[in-house]
2 protein chains.
Amino acid sequence: MHSYTEENYLKALFNLSADKGEVSANELSKQLGIKMPTVNSMMKKLSEKKLVHYESYKPLRLTEKGKREAGLIIRKHRLTEMFLVQKMGFGWEEVHEIAEQIEHLHSPNFFERMDALLGYPKIDPHGSPIPDKTGKMEWIKYEKLSSCKEGDTVRLAAVIHTTDDFLKFLNLRELSLGVKLKIKTVEKFDGSMTVSHNKKGSDTLSHIVCDRLLVEKL
Amino acid sequence: MHSYTEENYLKALFNLSADKGEVSANELSKQLGIKMPTVNSMMKKLSEKKLVHYESYKPLRLTEKGKREAGLIIRKHRLTEMFLVQKMGFGWEEVHEIAEQIEHLHSPNFFERMDALLGYPKIDPHGSPIPDKTGKMEWIKYEKLSSCKEGDTVRLAAVIHTTDDFLKFLNLRELSLGVKLKIKTVEKFDGSMTVSHNKKGSDTLSHIVCDRLLVEKL
DNA sequence: TAAATTTGTTAGATGACTCTAAGTTATTAC
DNA sequence: GTAATAACTTAGAGTCATCTAACAAATTTA
């Protein structure tokens, strides 16, 4: 098994390299809040363990094995988040910190049971896909709300770059996963949108907000 | 906060010194599977932190502060065990290992929620008392089954020295907390007992078994 | 009570993870 | 195409929790 520390490096590598498939040591260092030389030596160690492709002065890439192991940690994180929300009544803004800790538990039984009690969910409370038991993650291709046009009707499917503050902001506006939104207007000069929302009236959302909301067109 | 390691020392000290109020470094070392010199230096460290009374060549004692902190860890352990059994469907023989890990989580919210969902239980699935939020534990004085006499009718209230094997042994005989037992015979030469048990016929239990079962006389 | 045994202590080393300081390679900006 | 800046690497040190080896104190045994 890997140490708590190694698991955190793997997870960060996985998350940061999600798009390009590679990360700079510098990004990783910032993400983890750990100084470059420390990251550097850990990369050599993970490279020894065949979890990371490491070459001097080159970007970092997870090996297939590394991706699998990282996927399994993220699986535990997301199952936990789902459990906390669905079975323990936490809000989606409260679960990240707890899941950061529970994801490191070593107990196949425990996560197996969570999974079963939840009915084998495919997504977490923020709409992110839960990797399967082999660590593989199916990307669902949603659109950003920011790329939609006036008149579109969409369903809120996922939230990215989730922070407590952002999620609380969405709570206040009753913007939860699944809500149907109709785009009334899109401002040219700042990209903000006015959307109408089932029961409530309409809300104006800044471009920054719209860029973090993933939707499914209806 | 204390490290994972320190918490394990505190917990072990608490459990081992439950009766006499003190433990030898040697016992502690054996319990934790950690060599004496390591234990010795950790005791000095915990003494610095005012968690343990340490004097050369004297038995170890937890300070009041140490007892409180240990009690809080045991509280988390036992609440977790209760949650795993009551809310997640685990058997009482499966929960110890998982709780060993969860007890170290730092999230007041999480344990608060568990406690509430369970309805503020006072005992864990093995009948051990759950310390309160200040770390204080109320001992309930049950009798050992081994000290009961022929003809007594008792209710099984708690199990001590719980190991997987012992709990599985009890499962097979449908001996769960709360069952009513009537003591038919007590063998003079080996202290084994024949007890009859609600629905089932009667079972013969060795002295070793009877010594690990705590009962309430009816 | 003296010898043998057990228990406890000190000293010094190791491995995991972190850091700072200083040097090297790439990249960016005139 | 240098010079400046940013990114990366190396070297060396510190902390935490662990170990082994060697010694000292306490306890048990004969």
Side-chain angles (χ1 to χ4, degrees), chain A residues 1-14 16-17 19-62 66 69-70 73 100-101 103-106, chain B residues 1-14 16-17 19-63 66 69-70 73 100-101 103-104 106:
Chain A
M1 253 312 104
H2 309 115
S3 70
Y4 188 102
T5 310
E6 287 170 344
E7 292 191 349
N8 280 334
Y9 279 91
L10 286 175
K11 190 167 53 114
L13 281 162
F14 190 96
L16 292 173
S17 61
D19 39 345
K20 288 183 299 247
E22 48 181 57
V23 216
S24 71
N26 197 33
E27 280 177 90
L28 185 56
S29 164
K30 278 170 189 153
Q31 168 76 21
L32 291 167
I34 286 174
K35 294 288 186 294
M36 287 276 293
T38 309
V39 169
N40 195 258
S41 50
M42 182 57 87
M43 288 308 103
K44 286 178 176 172
K45 184 177 170 192
L46 294 183
S47 169
E48 288 291 307
K49 292 193 172 188
K50 307 286 182 204
L51 293 163
V52 167
H53 292 296
Y54 171 81
E55 285 178 275
S56 275
Y57 298 103
K58 293 269 171 65
L60 301 162
R61 283 177 306 118
L62 284 170
E69 309 273 338
I73 299 160
E100 283 291 18
Q101 299 181 58
E103 72 192 2
H104 299 292
L105 302 193
H106 296 302
Chain B
M1 252 314 103
H2 310 115
S3 70
Y4 186 102
T5 310
E6 287 170 344
E7 292 191 349
N8 280 335
Y9 279 92
L10 286 176
K11 191 167 51 112
L13 281 163
F14 190 96
L16 292 173
S17 60
D19 38 346
K20 287 181 301 242
E22 49 181 56
V23 215
S24 70
N26 196 33
E27 279 177 273
L28 185 56
S29 163
K30 277 171 188 153
Q31 167 78 20
L32 292 167
I34 285 173
K35 293 289 186 293
M36 288 277 293
T38 309
V39 169
N40 195 258
S41 49
M42 181 59 85
M43 288 310 100
K44 287 178 176 172
K45 184 177 170 194
L46 294 183
S47 170
E48 287 292 306
K49 292 193 172 188
K50 308 284 183 207
L51 293 162
V52 167
H53 291 296
Y54 171 82
E55 285 179 274
S56 273
Y57 298 102
K58 293 269 171 65
L60 302 162
R61 283 178 306 118
L62 284 170
T63 61
E69 309 272 338
I73 299 160
E100 284 288 15
Q101 300 181 57
E103 71 192 3
H104 299 292
H106 296 301

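What's counted below: heavy atoms across the whole structure, side chains too, no hydrogens, waters or symmetry copies. Note on naming: letters A, B, ... go to the chains in the order of the sequence lines (proteins, then strands), and numbering restarts at 1 for each one.
- Atom NZ in B/K35 sits roughly 15 Å away from atom C1' in C/dT14 (whole-Å rounding).
- The distance from atom CD of B/E6 to atom C1' of D/dT15 is 13 Å, rounded to the nearest whole Å.
- Nucleotide D/dT27 holds its C1' atom 15 Å from the NZ atom of B/K58, rounded to whole Å.
- In this structure, B/Q31 CD and B/L16 CG are separated by 4.5 Å, a value rounded to the nearest 0.5 Å.
- Among the nucleotides C/dT7, C/dT20, C/dT18, the one closest to the side chain of A/T38 is C/dT18.
- If you take CG of B/N26 and C1' of D/dT27, they are 13 Å apart, rounded to a whole angstrom.
- With rounding to whole Å, B/N8 atom CG is found 12 Å from D/dA17 atom C1'.
- Atom CG in B/L28 sits roughly 11 Å away from atom P in D/dT18 (whole-Å rounding).
- Of the candidate nucleotides D/dC8, D/dT18, C/dC17, C/dC17 has the atom nearest to the side chain of A/S3.
- Once rounded to the nearest 0.5 Å, the distance linking NE2 of B/H106 with OH of B/Y4 reads 11.0 Å.
- For the segment residues 42-56 of chain B, the set of residues with a heavy atom within less than 4.0 Å of an atom of DNA chain C comprises B/K44, B/Y54, B/S56, in numerical order.
- We find that CD of A/E27 is positioned 14 Å from P of C/dT27, with the value rounded to whole Å.
- Of the listed nucleotides (D/dA7, C/dT7, C/dT18), C/dT18 has the atom at the smallest distance from the side chain of A/Y9.
- For the residue pair A/H104 and A/E7, a side-chain donor N or O sits within less than 3.5 Å of a side-chain acceptor on the partner.
- Interatomic distance, CD of A/E55 versus CG of A/L60, reported as 10.5 Å (0.5 Å rounding).
- Residue A/K30 has its side chain nearest to D/dA7 when only D/dA7, C/dG8, C/dA11 are considered.
- The heavy-atom pair separating A/S17 from A/L13 by the smallest distance is OG-O, 2.5 Å.
- Residue contacts for A/T5: at a heavy-atom cut-off of 4.0 Å it reaches the sugar-phosphate backbone alone, with no base atom in range.
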Side-chain donor/acceptor pairs under 3.5 Å, residues 23-30 of chain A, sequence neighbours excluded:
unit_1: A/S24; atom_1: OG; unit_2: A/E27; atom_2: N; d: 3.0
unit_1: A/S24; atom_1: OG; unit_2: A/E27; atom_2: OE2; d: 3.4
unit_1: A/E27; atom_1: OE2; unit_2: A/S24; atom_2: N; d: 3.4
unit_1: A/S29; atom_1: OG; unit_2: A/I34; atom_2: O; d: 2.6

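- Rounding to whole angstrom units, CG of residue B/L32 and P of D/dA17 are separated by 13 Å.
- Candidate nucleotides C/dT24, D/dA21, C/dT20 were compared by shortest atom distance to the side chain of B/P37, and D/dA21 ranks first.
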Would you give me the side-chain donor-acceptor pairs under 3.5 Å for residues 44-52 of chain A, sequence neighbours excluded?
unit_1: A/K45; atom_1: NZ; unit_2: A/E6; atom_2: OE2; d: 3.2
unit_1: A/K49; atom_1: NZ; unit_2: A/E6; atom_2: OE1; d: 3.1
unit_1: A/K49; atom_1: NZ; unit_2: A/E6; atom_2: OE2; d: 2.8

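- Looking at which nucleotide of DNA chain C each of B/S24 and A/M36 is closest to, the 5′-most match is held by B/S24.
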